[in-house]
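As the structure lists them, so they are numbered: ligands from 1, and atoms in each ligand from 1. Heads up: numbering here begins at 1 and tracks the sequence. Predicted model, so just to flag it, every value in this text is computed and none were measured.
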Amino acid sequence: MAIPLEPARKTAEKKSSPSLGAPREEQAAPKVLIVEDERKVARAIKEGLEGNYYSVSLAHTGEDGFFLANSEDFDLVVLDVMLPGRSGIEVLSAIRKQGRKTPVLLLTARDSIEDRVLGLDAGADDYLVKPFAFPELLARIRALLRRGKAESVTTLRMQDLEMDLVGRSVKRGKRMIDLTAREFELLEYFLRHQGEVVSREMLARDIWKEQVRHSPLDNVIDVHMVRLRRKVDEGVSTKLLHTVRGVGFVLKTEN
Ligand code: CA
C-alpha cells in the first residue's frame, strides 16, 4: 500500500514559522518510536519527523517495538496495527499491562473500524487511518504531545455536538444522530479541524484518499456534506457546519 507522505517542509520555512509548533531548539527533541513493518513507510515517517526536530527510533516488528517501548522512555509511540507476528493491538495491550502510559497513536487500515475500536479499548490515545498525508500525522502527534500522558482521545466535542469514537455514536444535545460510516468519518475530520476551513481537496485527500481532485468527486463530497449538515444542524438554532463559498466548509459556532 502506498502511503502518500508529503515531503517535510523546507528547513528555512520551518525556522521562520513558529506556528508549525515544532519543538523549540533549546528544548530536548521529543522522542518518538515508530513501529511499522513497511520499511519505506517507516523511513518516510522518520525523515519527516526528523525534519521537524523530533528524535526518532524505528522498530519493524511487534516484538522489537514492545522491547524498545519498555526499555526506553519515549514521549510517543506511532504503532502500526498490521504487523507480522505480534499485532499492534497486542503490543499496545502488553505495553499498557506494564503500566506504561506513553501516548500511543495507532495506524489502522482504512476498512477496519473494529481495529480502531479495539485499539482505543486497549489503551490507544488516538488513531490515524492509512493512507494518510504527513501533515495530518504531524498534527496528531503535536496534539498528543500537548495533551500529555493523561487523557486519551475517545470523545470529540464541539458545543453540544459529541462524538464517541469507541461506541461509534454521535449526539447533538440529547438527540442521537445516525450516521453512515462515511458521514462519521467526515464529521470526525471536521471535529478534529474545528474552526479551520476544510477544502474539498483536503476531504478528497484525507477522507476519500484520492490524490487528485476531480469534479465527479467534488459532487460526491457535496452530496455527503448536504446530508451530513442536515443530520447535524436540522432543527437546531445554532448551526455548526457552514459552507465557505469557493473554498470548502468549516465547523464552527458562529454564523
Ligand atoms: Ca504494516
**Request:** Please list all pairs passing the side chain to side chain donor-acceptor pair (under 3.5 Å) test where one or both residues lie in residues 161-170, with sequence neighbours left out.
**Result:** R157-E162
**Message:** Just by distance, no angles: are the side chains of E188 and H193 close enough, under 3.5 Å, to form a donor-acceptor pair?
**Reply:** no
**Request:** Would you verify whether the NZ or CZ of R142 falls within 45 degrees of the ring axis of Y53 while also being under 6.0 Å from that six-membered ring's centre?
**Result:** no
**Message:** Ignoring waters, how many N, O or S atoms from the protein are under 3.0 Å from the Ca ion (ligand 1)?
**Reply:** 3
**Asked** Taking ILVMFWY side chains as joined if any heavy atoms are under 4.5 angstrom apart, and letting links pass through other members, which residues group with M176?
**Response** none
**Prompt:** What residues join F67 in its hydrophobic cluster, counting side-chain heavy atom gaps under 4.5 Å, either direct or through other members?
**Reply:** none
**Asked** Do the side-chain N and O atoms of R229 and T243 include a donor-acceptor pair separated by under 3.5 angstrom?
**Response** yes
